[in-house]
Protein chains: 2
Amino acid sequence: MDLIRIYQCLCDQTRLRVLNLLSQGPLCVCHFQELLDEGQVKISKHLAYLRTHGMVEATREANWMVYRLPRKPSPELKANLACLQDCAREQSVFQADLAKLRRLHGKFTDTSPICCSPSKSRI
Amino acid sequence: MDLIRIYQCLCDQTRLRVLNLLSQGPLCVCHFQELLDEGQVKISKHLAYLRTHGMVEATREANWMVYRLPRKPSPELKANLACLQDCAREQSVFQADLAKLRRLHGKFTDTSPICCSPSKSRI
DNA sequence: ACATCATATTCTCATTGAGGTATATTCCAC
DNA sequence: GTGGAATATACCTCAATGAGAATATGATGT
């Protein structure tokens, strides 16, 4: 993948937050809606953008689309995702997102929203 | 500096090439025109963009503006510039730019273009 | 087959950014 | 202070991008 494509993917706040969350493991669209507090269309379009450019992978699980970071990222992608994670750790927006993720989905219980069932396996 | 700002600076090919060249040391505008083979306005505007966003510093030396990477980059900037350099090393465009820089300005001689005098000190 | 839920796509609109031409600024040499 | 070189800015045009509303698709359960 071209370096410039990677940076173009990274130059939007919503996409950065998505990638930051994905560093913790796969998530489905409704997770992002909940965690980022954004509308379905917005989330969906940014995920499509990231997918088109090879920044994330997606699989359907029953009714839900589960997104994850690439299993075999290119060296450049790997380096930049690592760098992003490092930097994000220092910034409050991203900290807050991870905190919310842990709070809501840290351990899945029977009270977890039904839409989260596909990713129960991840924790 | 905000992480998002950094990525917005990095998502243009000309700016990436500029930053890659600056990793070798300070350069003036006419260097960039020569090395990147682009017009003065284009170079100048991208440099202004980078400067506005804190990605480069500029000082005037006589008739020339000399641009350099920040002397005290934020941690995020530092990390991302390092990452960029690593990645650029693998891509032909950036390799070629560095090769041209070395070829034309690797060692300054009396035949160096007059405009380069400000940066003689850098090598 | 039908209703419903999760997600994707289409359309439109406003904003942004890149590139070019022309013009302005800043410094130097005389 | 006049002219010229190096650089910056203003203004214009065009393409790309992001956001939301409405609509379409695809899977599930009955």
Side-chain angles (χ1 to χ4, degrees), chain A residues 2 4-19 21-22 26-53 55-68 105 112-120, chain B residues 2 4-19 22 26-53 55-68 112-120:
Chain A
D2 226 6
I4 188 76
R5 295 289 160 202
I6 294 179
Y7 288 124
Q8 285 169 348
C9 286
L10 296 179
C11 72
D12 176 89
Q13 182 77 359
T14 304
R15 292 198 288 268
L16 283 185
R17 294 176 73 193
V18 163
L19 291 169
L21 284 171
L22 283 180
L27 291 168
C28 71
V29 178
C30 53
H31 280 127
F32 292 115
Q33 289 183 241
E34 176 189 38
L35 293 168
L36 305 184
D37 194 28
E38 299 278 5
Q40 181 261 322
V41 174
K42 182 168 172 177
I43 296 293
S44 191
K45 279 198 291 192
H46 282 300
L47 287 169
Y49 186 102
L50 290 171
R51 191 183 181 183
T52 302
H53 293 82
M55 300 282 291
V56 303
E57 294 171 356
T59 52
R60 178 176 280 279
E61 302 205 12
N63 238 322
W64 301 276
M65 291 296 294
V66 178
Y67 286 85
R68 56 174 54 80
H105 304 285
S112 293
I114 181 64
C115 80
C116 296
S117 55
S119 41
K120 273 186 182 169
Chain B
D2 225 5
I4 188 72
R5 295 287 159 204
I6 295 180
Y7 288 124
Q8 284 169 348
C9 287
L10 297 179
C11 72
D12 176 88
Q13 183 75 1
T14 304
R15 292 197 289 267
L16 283 185
R17 294 176 73 193
V18 163
L19 291 170
L22 283 180
L27 291 168
C28 71
V29 178
C30 52
H31 281 127
F32 291 115
Q33 290 183 240
E34 176 189 40
L35 294 168
L36 304 184
D37 194 28
E38 299 278 6
Q40 182 260 324
V41 176
K42 180 167 171 177
I43 297 292
S44 193
K45 277 198 292 192
H46 281 299
L47 286 169
Y49 187 103
L50 289 171
R51 190 182 183 183
T52 303
H53 293 82
M55 299 282 290
V56 303
E57 293 171 354
T59 52
R60 177 175 280 278
E61 303 204 13
N63 238 322
W64 301 276
M65 291 297 292
V66 178
Y67 286 85
R68 55 174 54 82
S112 291
I114 182 64
C115 81
C116 296
S117 56
S119 41
K120 272 186 186 171

task: Go through A/K45 and A/V41 one step at a time and tell me if the side chain to side chain contact (heavy atoms under 4.5 Å, CB included) criterion holds.
output: CA-CA 6 Å; A/K45 279 198 291 192; A/V41 174; 3.6 Å; yes
message: Please tell me if B/H46 has a side-chain N or O lying less than 4.0 Å from either OP1 or OP2 of C/dG17.
response: no
field: Per-nucleotide protein contact string for nucleotides 20-30 of chain C (B base, S sugar-phosphate only, - none; heavy atom under 4.0 Å)
entry: BBB---SBS--
- request: Would you mind classifying the nucleic acid contact of B/R15 as base, sugar-phosphate or nothing, using non-hydrogen atoms under 4.0 angstrom?
  value: sugar-phosphate
- request: Would you tell me if any nitrogen or oxygen in the side chain of A/Y67 comes within less than 4.0 Å of OP1 or OP2 on C/dA6?
  value: no
- prompt: Rounded to the Å, how far apart are B/L50 CG and D/dA8 C1'?
  reply: 15 Å
field: Of the listed nucleotides C/dT7, D/dG18, D/dA6, the one nearest the side chain of A/Y49
entry: D/dG18
- prompt: In whole angstrom, what separates B/L47's CG from D/dT9's P?
  reply: 11 Å
- line: Those residues at least two apart in sequence (or on a different chain) that pass side-chain hydrogen bond (donor to acceptor under 3.5 Å, both in side chains) with A/Q33 are none
message: Nearest whole Å is fine: how far is D/dG18 P from A/L16 CG?
response: 11 Å
- prompt: What integer distance in Å separates A/W64:CH2 from C/dT4:C1'?
  reply: 12 Å
statement: By side-chain contact (heavy atoms from CB on, under 4.5 Å), B/N63 pairs with (sequence neighbours left out) none
- prompt: Just wondering, do B/R15 and B/L10 contact through their side chains at under 4.5 Å, heavy atoms?
  reply: no
task: Check the distance between C/dA8's C1' and A/Q33's CD and give it to me in whole angstrom.
output: 12 Å
task: Tell me, please, which residues at least two apart from B/Y67 pass side-chain hydrogen bond (donor to acceptor under 3.5 Å, both in side chains).
output: none
query: Looking at residues at least two apart in the chain, or sitting in another chain, which of them share a salt bridge (charged side-chain N to carboxylate O under 4.0 Å, His left out) with B/R17?
result: B/D97
- prompt: Quick one: B/D12 CG to D/dA15 C1', roughly how many Å, whole number?
  reply: 14 Å
message: Without decimals, in angstroms, what is the distance between A/Y7 OH and D/dT17 P?
response: 18 Å
message: Rounded to whole Å, how long is the line connecting atom CD1 of A/I43 with atom C1' of C/dA8?
response: 14 Å
- request: Please name all residues satisfying side-chain hydrogen bond (donor to acceptor under 3.5 Å, both in side chains) with B/K42, sequence neighbours left out, ordered by chain then number.
  value: B/E38
